[in-house]
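Hydrogens, waters and symmetry mates play no part in the numbers below; they use all other heavy atoms, side chains included.
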Amino acid sequence: MLTVIGSGSFGPSCAAATRFLLFCFVALLPSLFFAIEVRAADIPVSVLVESVSGPAVTSSRLETPSVSDSWLRWGRMGQDAAVFMPKVSPQGAAQAQAVRSVGAASVLIVPSTNGETVQAKAAARLEAGVYRVAAVVIEPAADPSAVPNTRAWRMESVLLSKPGVSTKIVRLRPGQLLIVRWTETISEARSVLQAARRSEAAQGGPTTYTGVTIARALGQAGRLLEEIQTLSSRGKRPEAIRRTHRALLYIAQAQAMARNRPGAVPEGENEVTFARLTVAFSEISAALSNLVPAESLTMAKDSVISDVKVSLTNAGLKPIPFVTLSLPASADAAQAAAESRRRVFRNVAPGATVSARFPVPSSSSEPASTVQFIQGVGAAVVTAAPPP
C-alpha cells in the first residue's frame, strides 16, 4: 500500500511540459492505494485514488527532454505498467501517480497551483526493511524545447523493523514535479550478489584455488546478508552494521582474487560487477547509519562544471570514523595523485556535516564523487549524488 499526501493551494493547470511528464509516469499493483490531501487557506479538499476501482488507461510515451526522461525511468523503476487516473475533488486540484515493485516504491506529485508554494507530503506504506530514500524536483524551463531544471538529493534513510509508513515533506513552487523513491537496500544487495555469483569471475575455474576462494568469499557475504536482515528486523543497528562491513571485507577479498587471476582485464565486466556489489552493501551501511551524502556542482559562465562540492551529513546517533570524500581517479596520473581530489576526516560526530570542494578536470563533464567510510573492518563506498 502507498499513501501520498500533499498540502497547499491549487488553481490553474501546470504547463504542457509538466503534464506530459506526469502522464509518462506509471502505477503498479492491483492493491495499490494512495491519497492526496490538499489544504487551502481554510477549506480542505481531498483526492483519493484506489487502483482496484480506478480505470487503467494506456499511456503513449511521449518524447521528453533527456534529463527528465532519465528521471522518469528511475521513478518508474524500469518497468512498464498501466496508468491509473485519479478522481480529483475539486476537479483539477492535483495529479499523482505511484509505482510499487518488490523492495521499492515511488510516488509522483504534480500540484496545479495558483502561484503559491506547496508543502507536498509524500508517504509510502512499506514492508519491513532498510530503505534508502531519494527525491528529485523537475521544473520545466521557460522554453519548452530546453532541458528542464532538475534538483536531486538524498534524504534521511528509513529503518522499519515491521511494516509501516514513511513520510517525506518537500516544498514545491508552481509548475514543479516531485518524485520520491524508497529503495530497500538489503533486497537490492541480494539481487546484485546473486548476479555476482553467476558472473564469470565467480564461476570460472571452480576447481582452482582462485575460483574456490572467490566462491567462498561471496558465500560468506551471502550468509552475512541474511544475518543483517534478521538483525535489522529486530532494530539492532550496530550489530547489523558490523556484519555489513565484514561482508564488505569478503567482497574486497573476492575482488582482489579476481583482479589477480591470469587474463583478468582491468576495468572489465568482472571489475564492474564487484564495484556494483561493493556499492550495494555500502548502501546498507549508509542507510543503517543514517548517513546522507550530497553533491553540488558549480557551473562556469560557459555552462561547464568548474568544481564539485561533496558533503556527508551524519544524521545517525553514532560517530563515523575515517570518512573520505573524493572524486574518481583521473586518467592523468599527476592529477589522480593531487591531494585536492581527496579529503580525509578522522571522525564525523552525530549531527555534523563535513564537506570538501574539488576542481573538476576539463576532460570530465560529469564527475561522480564518492564517500568512503569504515566501521570496524571493511570499507564502504557510496556515490554522493543519487541516481540516475
Side chain proximity check, [X] to [Y], heavy atoms < 4.5 angstrom:
X    : Y    : result
W71  : T150 : yes
N347 : I320 : no
V382 : T370 : no
S161 : S232 : no
F373 : S285 : yes
F345 : R343 : yes
R357 : T298 : yes
F358 : D307 : no

side-chain contact (heavy atoms from CB on, under 4.5 Å) partner of L248, chosen from V377, T278, I284 =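 Per the side-chain contact (heavy atoms from CB on, under 4.5 Å) rule, the option paired with L248 is T278, out of V377, T278, I284.
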Verify whether one side chain among [X] and [Y] offers a donor that lies under 3.5 Å from an acceptor in the other.
X    : Y    : value
S106 : W182 : no
R197 : Q194 : no
Q220 : Q253 : no

Decide whether [X] and [Y] are clustered together by the hydrophobic rule: side chain heavy atoms of Ile, Leu, Val, Met, Phe, Trp, Tyr closer than 4.5 Å, transitively.
X    : Y    : answer
Y250 : L193 : no
I374 : V371 : no
F281 : M257 : yes
V348 : V310 : yes

side-chain contact (heavy atoms from CB on, under 4.5 Å) with [X]: which residues, sequence neighbours excluded?
X    : answer
T383 : R154
A315 : E156, N290, V292
L160 : L126, Y131, V158
E188 : R132, T183

Enter the distance from R223:CZ to L218:CG here, rounded to the nearest 0.5 Å.
-> 13.0 Å
Interatomic distance, R151 atom CZ to N149 atom CG [nearest 0.5 angstrom] | 11.5 Å
Residue list, side chain to side chain donor-acceptor pair (under 3.5 Å) with [X], at least two apart or on another chain:
X    : result
S289 : Q375
S187 : E184
Q372 : none
T244 : none

Side chains of residues 236-243: which donor-acceptor pairs under 3.5 Å do they make with residues two or more places apart or in other chains?
residue: R237; atom: NH1; partner: L288; partner atom: O; Å: 2.6
residue: R243; atom: NE; partner: E227; partner atom: OE1; Å: 2.6

Taking every non-hydrogen atom, the tightest pair across [X] and [Y]:
X    : Y    : answer
S369 : L327 : CB-CD2, 3.6 Å
R342 : T324 : CG-CG2, 3.8 Å
A275 : Q255 : N-NE2, 4.2 Å
L178 : A135 : CD1-CB, 4.4 Å
I251 : A221 : CG1-CB, 4.2 Å
A254 : F274 : CB-CE2, 3.7 Å

Counting only N and O atoms by type, is there a donor-acceptor contact under 3.5 Å from the side chain of [X] to the main-chain atoms of [Y]?
X    : Y    : value
S282 : A380 : no
N314 : G351 : no
R246 : L224 : no
H245 : G378 : yes

In sequence, state the C-alpha distance, the side-chain angles, and the governing distance for M155 and V170, and then conclude on side-chain contact (heavy atoms from CB on, under 4.5 Å).
-> CA-CA 11 Å; M155 294 179 157; V170 179; 3.5 Å; yes
What do the steps show when you test T313 against L291 for side-chain contact (heavy atoms from CB on, under 4.5 Å), and what is the final call?
-> CA-CA 6 Å; T313 298; L291 304 182; over 6 Å; no
Which residues pass the salt bridge (charged side-chain N to carboxylate O under 4.0 Å, His left out) test with R190, sequence neighbours left out?
->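 Residues passing salt bridge (charged side-chain N to carboxylate O under 4.0 Å, His left out) with R190: E226.
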So with a 6.0 Å cut-off around CZ of R171, is the heavy-atom count from everything else above 12?
-> no
Steps toward side-chain contact (heavy atoms from CB on, under 4.5 Å) verdict (V133, V180) | CA-CA 7 Å; V133 188; V180 180; 3.9 Å; yes
Members besides L231 in its Ile/Leu/Val/Met/Phe/Trp/Tyr cluster (side-chain heavy atoms under 4.5 Å) = none
Other hydrophobic cluster members with L317, side-chain heavy atoms of Ile/Leu/Val/Met/Phe/Trp/Tyr under 4.5 Å, chained?
-> none
Is the shortest side-chain N to carboxylate O distance from K309 to E295 below 4.0 Å?
-> no
Check the pair V136, W153 against side-chain contact (heavy atoms from CB on, under 4.5 Å), reporting the backbone distance first and the verdict last.
-> CA-CA 6 Å; V136 59; W153 69 101; 5.8 Å; no
